[in-house]
Novice: 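Supplied in structure tokens, the structure appears directly below.
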There are 2 protein chains.
Amino acid sequence: MEQESHYGGHGTTRPGGRTARVRSAVLRAAGDALAELGFAGLDLADVARRAGVGRTTVYRRWATPTGLVADLLTEMAEESLPRAETGSLLGDLRANARLVRRTLTDPRQGPLFKAVIAAATCDAATADALRRFYATRIAEWAPCVEQAVERGELPAGTDPHEVVRAVSAPLYYRLLASGDPLDEATADRAAEAAAAAAAAGIYVVRT
Amino acid sequence: MEQESHYGGHGTTRPGGRTARVRSAVLRAAGDALAELGFAGLDLADVARRAGVGRTTVYRRWATPTGLVADLLTEMAEESLPRAETGSLLGDLRANARLVRRTLTDPRQGPLFKAVIAAATCDAATADALRRFYATRIAEWAPCVEQAVERGELPAGTDPHEVVRAVSAPLYYRLLASGDPLDEATADRAAEAAAAAAAAGIYVVRT
DNA sequence: CCCCTAACGGGATCGCGGTTCCATTAAGCT
DNA sequence: AGCTTAATGGAACCGCGATCCCGTTAGGGG
């Protein structure tokens, strides 16, 4: 959700130099604040202070906490983590599960993801940005499943995206709902469960 | 999280009649407000108005939005939905998945659950109340898995709670993160995937 | 049935987050 | 390099949500 939309209009817009510097400083500060205080504690004035930027600027460009989070999400979607290539479906899914687990248990990233998801439940535009974020992340890893189909490990017609989602789902469920510990054994189990269900043909698209 | 803890102390506490009536009116109003406006829009003064109760009372007894949500969660944990008894693991899990799906897509309950989870990410006490809520819900359905083990449908040593969680996880993942549609086919797939993974022995506790 | 006081409710008050105004800085075009 | 104006930043302002104060209502023991 580009908040810049109301820039320009008659004159020319200036995304260069200072503006970009302010934007990245504010987004980094917003990430810090979210990780520390959660979404409920996100105060635009505080973000401005952390970023070393005028309060007015932050209110003008992002207006609301959810607007700021939405912009942060579009930036997060751009930096992609490359997928693994272990040669087997289970190996690839396990690598993915461990990566997700490491992210969600990271002292900064974990609280940040919680906060971002909380923000998305409060605002449609933010929810859309979150949806796009996960769509790109999932698409990044889908080829692992496609290769497994080509290798004959999985039945033809298996939905790759659904398999990758199935790996993440239990980890996010623990993070957000059950609150159970998120250890490596849990991550491995998530990968094994997704692989077993996929092998059983559960994710074959029915026509 | 009982907010009543600072009541009494020297005199006697009075949970009867009026107090209980106020509490349930406020909790119902809080549920309505959360479902309509989300956690970010939860205003204690507004809740008081909806409940036909003085602002001061709400501020005194619950103090913060998260405190109110925490109390609401303990009440929600008390009303339990009974589990199904279809005679087969897959039948029971499918019944559970469909029940969860119906709840999450309900025009009132769905937004309410989103809001409650958002609140839990902002406050430790609320997160604990949410954890307890899901623990009771999961425990309610665990016997389905135990019976399946007794019937010989699943290997001995299968962790019942883990199987039940595996059914809910993909549905919550869609609700909160991916934003993909939550239709009945998805619910059935969640049940089938959990059953397949359980049958493959993924949820057997390793000693 | 009466009294004591826990608990509630209305109104006044206070503080802080959000907005507006205008001077200052620096992109970007010629 | 110089000019135009997009964009920033400080400071004053303002409105609304949270708190405080105190009179009123009603639970529950004697």
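These numbers were taken from a predicted model, which means no experiment stands behind them. Order of the sequence lines fixes the chain letters, A, B, ..., with proteins taken first and strands second; residue numbering starts at 1 for each chain.
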Novice: Send over the distance from B:W62 CH2 to C:dA7 C1', rounded to a whole Å.
Specialist: 12 Å
Novice: Between the base of D:dT8 and the side chain of A:R18, is there any donor-acceptor pair under 3.5 Å?
Specialist: no
Novice: Look at B:R61 and C:dA6 and indicate whether a side-chain polar atom (N or O) is within less than 4.0 Å of OP1 or OP2.
Specialist: no
Novice: Between A:L37 and A:L42, is there a side-chain heavy-atom distance shorter than 4.5 Å?
Specialist: no
Novice: Could you tell me the separation between the CZ atom of B:R23 and the P atom of C:dC8, rounded to a whole number of Å?
Specialist: 12 Å
Novice: What does the B/S/- profile of nucleotides 11-22 of chain C look like, 5' to 3', with a 4.0 Å heavy-atom cutoff to protein?
Specialist: B-----SBBBB-
Novice: In terms of relative ring orientation, are A:Y134 and A:F113 parallel, tilted or perpendicular, with 30° and 60° separating the classes?
Specialist: tilted
Novice: Does the side chain of B:L34 come within less than 4.5 Å of B:L72's, by heavy atoms?
Specialist: yes
Novice: Backbone N or O of B:T66 within a donor-acceptor pair of the B:T126 side chain at under 3.5 Å?
Specialist: yes
Novice: In chain order, what residues pass the side-chain contact (heavy atoms from CB on, under 4.5 Å) check against B:E140, with sequence neighbours excluded?
Specialist: B:S80
Novice: For the residue pair A:R165 and A:I138, establish whether any side-chain heavy-atom pair is separated by less than 4.5 Å.
Specialist: yes
Novice: To the nearest Å, give me how far apart CZ (A:R21) and P (C:dG28) are.
Specialist: 11 Å
